[in-house]
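So the structure is just underneath, and the comments pick up after that.
Position 1 is the first residue of the sequence; numbering continues from there. Whatever order the structure lists ligands and atoms in, that order sets their numbers, starting from 1.
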Amino acid sequence: MMLAVQRSAVRGTAAAPPSKSHTHRAFILAALADGESVVSSPLLGEDTCATLDAVAALGAAVSRRGDDVVICGGGLHAPEKVIDCKNSGTSMRILAGVAAQIAGTTSFTGDASLCSRPMKPLLDALTDLGVAVTAADGGCAPFSVTGPATGGCVHIRGDISSQFISALLIGAPLSGRELNIHLTTPLTSRPYAEMTIAAMQRRGVSVITTGDGFIVPADQSYRPVPVTVGGDFSSAAFLFAAGALAGDVCVTNLDPADPQGDKMFIDLLERLGAAVSRGPDGTVRAGRGELRAADVNLADAPDLFPIAAVLATCCCGTTKLYGAAHLRFKESDRIRSTALFLRDMGADITETDDGCIIRGPCPLHGAKVTTFGDHRIMMAAAVAGLIADGTTVIDDPGCCAVSYPAFVADMQALGADMRYI
Ligand SMILES: O=C(O)C1=C[C@@H](OP(=O)(O)O)[C@@H](O)[C@H](O)C1
Ligand SMILES: C=C(OP(=O)(O)O)C(=O)O
């Protein structure tokens, strides 16, 4: 199946889908807390469902109560079956940190994309903490960890994925001993580590931020708390960009106080010259404006890169997106896959090591887009198709189900001419 997109205007209101990152953390931390946790409004996308299946395999009792997911956690054990994290880096990295704290062997696998993404820095850190690790060549999945880990001191790089740090932090209280994490390179995607710490603290576990990392003090445990998952700013970025490029879109279900780093997209739209207005209830509206180029550091918000690059094609002048070399380790090499589809659509775009340079404005035309099975490439290309001359034909449109299953339906409801062919 393909998705055919024609130039079209979008207008109206859409609710941001629930946050993928918050849902992963809510499911995993509920599994680690003794007792029942109710998770309301979770994202039930392919990635978060992979996490839910995994926590059930590790021994948490998972049930549905209406739209809520109820998890009875505590007393986890090594599973019989291999944990398949499918396309989800967050699931694999954080759950590896959890499994490392459990006696016995837990094996992990994923799809072809996930099995090519880096795991070695985390697996090396777990080895230093006394975990026996067996992994494929290069330290990627499939791999197994045999725990439990000890506490102590660990050195790990911070510039490949913050998920390694989230994994060590979340698993640490299970050992009962202090864990001292020293970062050997600067931490990228830092807001995600901060989301992890906030989620741990909400459940009664404190984390100390040090000059070069983090300490999880000894003798702490998670307590169950009910959570309602708020909207996802990374997914909302596609709705905002559609409004800023092709009409006027109002997005609800976003909390301005949420720690998600990708809420910077709203400031970015304003900086580039889009018409942005913020309602008192957190509702944000984005419409057309005279867009002008800017230098944008995406070190802390890498998931915004593909859609920010689409916006940049409509900016007057040279836009530089930089600071995000870790984009090369996502579901696809997102610097390469974004440059490929935008160049095919007529953009003047040059890849750099840590981003790209776009000389705009570039009139876009329809093209055949390869998503490489990457949800954010699919959604960014679909938004680009709204302003392109002719038809944009996107392969594997179902891949958006990992983070935003209703993306195409939401866009169609706003008036986008998107059809499955
Ligand atoms: O912890 C998380 O929920 C995430 C962390 C980020 O990954 P990196 O830390 O690998 O950049 C982000 O890209 C991903 O979509 C979700
Ligand atoms: C990189 C992403 O997720 P993950 O690392 O969990 O696969 C993403 O959603 O863009």
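Distances shorter than 4.0 angstrom occur between a heavy atom of S88 and an atom of ligand 2. Assignment of Q163 to the shell around ligand 1 is supported, since a heavy atom sits closer than 4.0 Å. In this structure, N87 has a heavy atom closer than 4.0 Å to ligand 2. Ligand 2 has H375 within reach: a non-hydrogen atom of the residue lies less than 4.0 Å from it. Ligand 2 is never approached by H326 to a heavy-atom distance shorter than 4.0 Å. K330 counts as a contact of ligand 1, since one of its heavy atoms falls under 4.0 Å from the ligand.
With D68 as the fixed residue, the side chain to side chain donor-acceptor pair (under 3.5 Å) test singles out one of S40, S63, S41: S40.
Taking atom 2 (C) of ligand 2 as the reference point, the nearest protein heavy-atom neighbour is E331 OE2, 3.0 Å. Among all protein heavy atoms, the one lying closest to atom 13 (O) of ligand 1 is D303 OD1, 2.7 Å. Protein heavy atom nearest atom 10 (O) of ligand 2, with residue, atom name and distance: R376 NE, 2.6 Å. Summary of contacts: the protein heavy atom closest to atom 9 (O) of ligand 1 is S162 OG, 2.5 Å.
The proximity of K20 to ligand 1, defined as any non-hydrogen pair under 4.0 Å, is limited to the side chain. Contacts with ligand 2 closer than 4.0 Å are made by side-chain heavy atoms of R334 only, the backbone lying farther away. Only the side chain of D303 comes within 4.0 Å of ligand 2, judged by heavy-atom distances. Here R25 has side-chain heavy atoms under 4.0 Å from ligand 1, and that is the only part of it that gets that close.
Between F407 and F238, the ring planes are perpendicular. Angles over 60° get that label, and only those under 30° would be called parallel.
Close approach to K330 involves these atoms of ligand 2, each under 4.0 Å from a residue heavy atom: 1 (C). Annotation for ligand 2: atoms under 4.0 Å from non-hydrogen atoms of T90 are 4 (P), 5 (O), 6 (O). Residue contact check: H326 has heavy atoms under 4.0 Å from atoms 11 (O) of ligand 1. Set against the non-hydrogen atoms of K20, the atoms of ligand 2 under 4.0 Å away are 2 (C), 3 (O), 4 (P), 6 (O), 8 (C), 9 (O). Counting atoms of ligand 2 from 1 in the listed order, those under 4.0 Å from a heavy atom of G89 are 4 (P), 5 (O), 6 (O), 7 (O).
Using modelled atom types, one finds a donor on one side chain and an acceptor on the other under 3.5 Å when comparing S144 with S107. For the residue pair S234/D262, the side-chain donor-acceptor check at 3.5 Å is satisfied.
Counted within 6.0 Å of CZ on R336, heavy atoms from surrounding residues, nucleotides or ligands total 12 or fewer; the atom is thus considered open. Residue R343 qualifies as enclosed at atom CZ: its count of foreign heavy atoms under 6.0 Å is above 12. Other residues, nucleotides and ligands place more than 12 heavy atoms under 6.0 Å from the CG atom of D267.
Rounding to the nearest 0.5 angstrom, the gap separating the CG atom in D353 from the OH atom in Y322 is 15.0 Å. Here the straight-line distance linking atom CZ of F27 with atom SG of C49 works out to 7.0 Å at 0.5 Å rounding.
At under 3.5 Å, not a single nitrogen or oxygen of H24, backbone or side chain, sits near a nitrogen or oxygen of ligand 2. Checking only distances, S91 never comes within under 3.5 Å of ligand 2, N or O to N or O.
Distances from atom 7 (O) of ligand 2 to the heavy atoms of R117, Q163, R93 put R117 nearest. Nearest-residue assignment for atom 3 (O) of ligand 1 (options S21, S88, S161, S19; heavy-atom criterion): S21.
The side-chain heavy atoms of E46 and K86, taken from C-beta on, include no pair separated by under 4.5 Å. The closest side-chain heavy-atom distance from R203 to L32 is not below 4.5 Å. Taking the side chain as every heavy atom from C-beta outward, E36 and P224 never approach each other to under 4.5 Å. Put simply, the side chain of I165 reaches to within 4.5 Å of the side chain of L187, judged on heavy atoms.
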